[in-house]
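Below: the structure, in structure tokens.
Residue numbers count from 1 along this sequence.
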Amino acid sequence: MTSAVALFKDLRKARQLMNELQAGAFVTAIADVTTQIDTLFSPSFLRLTPTQWFSQLPRYVQAMVRRLERLRGNAARDAEVAKQVSPFVSAYKKLSAAHSSAEIERLKWMIEEFRVSLFAQELKTSIPVSAKRLSEQLALVERTV
């Protein structure tokens, strides 16, 4: 099976899981994953995603699937973990809406790696990432825009 086929099968599985998890306890997590999908798979993602990060898309989708599979059993833990990512996602959205730069783009991919480290550690990150490193990258972006 080609990696593109596997990617879209996993993406379909993530969407199916989101459809199954429509209860109130999961609304925030579903909204977060929906935003993540929309960010990663914009209409122009094939053209705009750098090769280095394009090859990571299957792992990001696998991490989404694992998060959603675990959500039903532990929504409270998911919410706590999501709070670690949320400020960076909000900052990225605000910055990327107003500016475009390599440093903002790097922040985007660091956030995706951070999600992997928090929600699907077994998939391992492709770069060293932590809340501290994200804070440093965010500070760099803010200084340069």
Side-chain angles (χ1 to χ4, degrees), residues 6-145:
L7 170 67
F8 287 110
K9 280 188 175 188
D10 283 343
L11 188 57
R12 183 171 160 220
K13 183 173 184 176
R15 291 184 189 280
Q16 287 172 335
L17 287 166
M18 288 190 304
N19 287 335
E20 293 170 13
L21 298 167
Q22 292 301 317
F26 310 125
V27 170
T28 303
I30 298 302
D32 186 40
V33 173
T34 300
T35 297
Q36 184 181 10
I37 290 171
D38 291 347
T39 300
L40 291 174
F41 297 98
S42 69
S44 53
F45 88 96
L46 287 171
R47 184 173 41 86
L48 297 178
T49 304
T51 304
Q52 171 192 1
W53 299 112
F54 192 87
S55 65
Q56 301 303 318
L57 289 174
R59 193 167 45 83
Y60 300 148
V61 175
Q62 289 169 4
M64 285 179 219
V65 168
R66 292 194 184 166
R67 176 185 183 185
L68 292 165
E69 288 173 340
R70 295 172 180 151
L71 185 59
R72 192 172 278 133
N74 207 343
R77 180 194 177 280
D78 185 274
E80 285 301 312
V81 172
K83 284 180 187 177
Q84 296 177 53
V85 180
S86 179
F88 300 110
V89 172
S90 296
Y92 168 75
K93 280 188 200 177
K94 182 180 173 186
L95 289 163
S96 65
H99 307 281
S100 177
S101 76
E103 295 304 333
I104 293 172
E105 191 71 8
R106 179 161 175 71
L107 178 64
K108 170 186 176 176
W109 299 111
M110 288 177 72
I111 291 168
E112 292 307 318
E113 292 295 327
F114 193 50
R115 288 178 188 272
V116 170
S117 77
L118 295 173
F119 294 110
Q121 302 86 358
E122 66 276 10
L123 296 177
K124 310 242 188 284
T125 62
S126 67
I127 59 171
V129 68
S130 64
K132 180 181 178 192
R133 288 176 192 256
L134 276 167
S135 293
E136 291 168 355
Q137 181 66 19
L138 181 55
L140 174 65
V141 168
E142 290 171 339
R143 283 192 309 270
T144 61
V145 294

Is it true that K83 and E80 have a side-chain N and a carboxylate O under 4.0 angstrom from each other? yes
Presence of salt bridge, E112 and R115, under 4.0 angstrom: yes
Shortest non-hydrogen separation from L123 to A63 and the atoms involved: CD1-N, 3.5 Å
Which atoms form the tightest heavy-atom contact between A14 and L68, and what is the distance? O-CD1, 3.5 Å
Start with the C-alpha distance between V81 and R67, add both sets of side-chain angles, then the distance that settles side chain to side chain contact (heavy atoms under 4.5 Å, CB included), and finish with yes or no. CA-CA 11 Å; V81 172; R67 176 185 183 185; over 6 Å; no
Say whether, by atom type as modelled, one donor and one acceptor occur between the side chain of S130 and the main chain of R133 under 3.5 angstrom. yes
Return the CG to CD1 distance between L21 and I30, rounded to the nearest 0.5 Å. 5.0 Å
Quick one: closest heavy-atom pair of A131 and F88, and the distance? O-CZ, 3.6 Å
Which donor-acceptor pairs under 3.5 Å do side chains of residues 38-46 form with protein atoms, sequence neighbours excluded?
unit_1, atom_1, unit_2, atom_2, d
T39, OG1, T35, O, 2.9
S42, OG, F45, N, 3.4

Do the side chains of E105 and P50 get nearer than 4.5 Å, heavy atoms only? yes
Qualifying residues under ring pair (Phe, Tyr, Trp, His ring centres under 6.0 Å), relative to F54, sequence neighbours excluded: none
Result block: side-chain N/O donor-acceptor pairs under 3.5 angstrom for residues 137-145, not counting sequence neighbours:
unit_1, atom_1, unit_2, atom_2, d
Q137, NE2, E103, O, 2.9
Q137, NE2, E103, OE1, 2.7
T144, OG1, L140, O, 3.2
T144, OG1, V141, O, 3.0

To the nearest 0.5 Å, what is the distance between CD (Q84) and CG (L118)? 5.0 Å
Report yes or no: does R70 contribute a side-chain atom to a donor-acceptor pair with the main-chain N or O of F119 at less than 3.5 Å? yes
Could I get the full list of ring pair (Phe, Tyr, Trp, His ring centres under 6.0 Å) partners for F8, not counting sequence neighbours? none
Separation between CG of D32 and CE of M18, rounded to the nearest 0.5 Å: 10.5 Å
For D10, the side chain to side chain donor-acceptor pair (under 3.5 Å) test, sequence neighbours excluded, returns none
Among all residues two or more places apart in sequence or in another chain, which pass the side-chain contact (heavy atoms from CB on, under 4.5 Å) test with Q56? W53, R59, Y60, E113, S126
Could you go step by step and tell me if E69 and K13 meet the side chain to side chain contact (heavy atoms under 4.5 Å, CB included) rule? CA-CA 10 Å; E69 288 173 340; K13 183 173 184 176; 3.0 Å; yes
So which atom in I104 and which in L95 form the shortest heavy-atom distance, rounded to 0.1 Å? CD1-O, 3.9 Å
Measure the CG-CZ distance between L134 and R106 for me, rounded to the nearest 0.5 Å. 9.5 Å
Would you compute the distance between atom CD of E136 and atom CE of M110 and round it to the nearest 0.5 angstrom? 8.0 Å
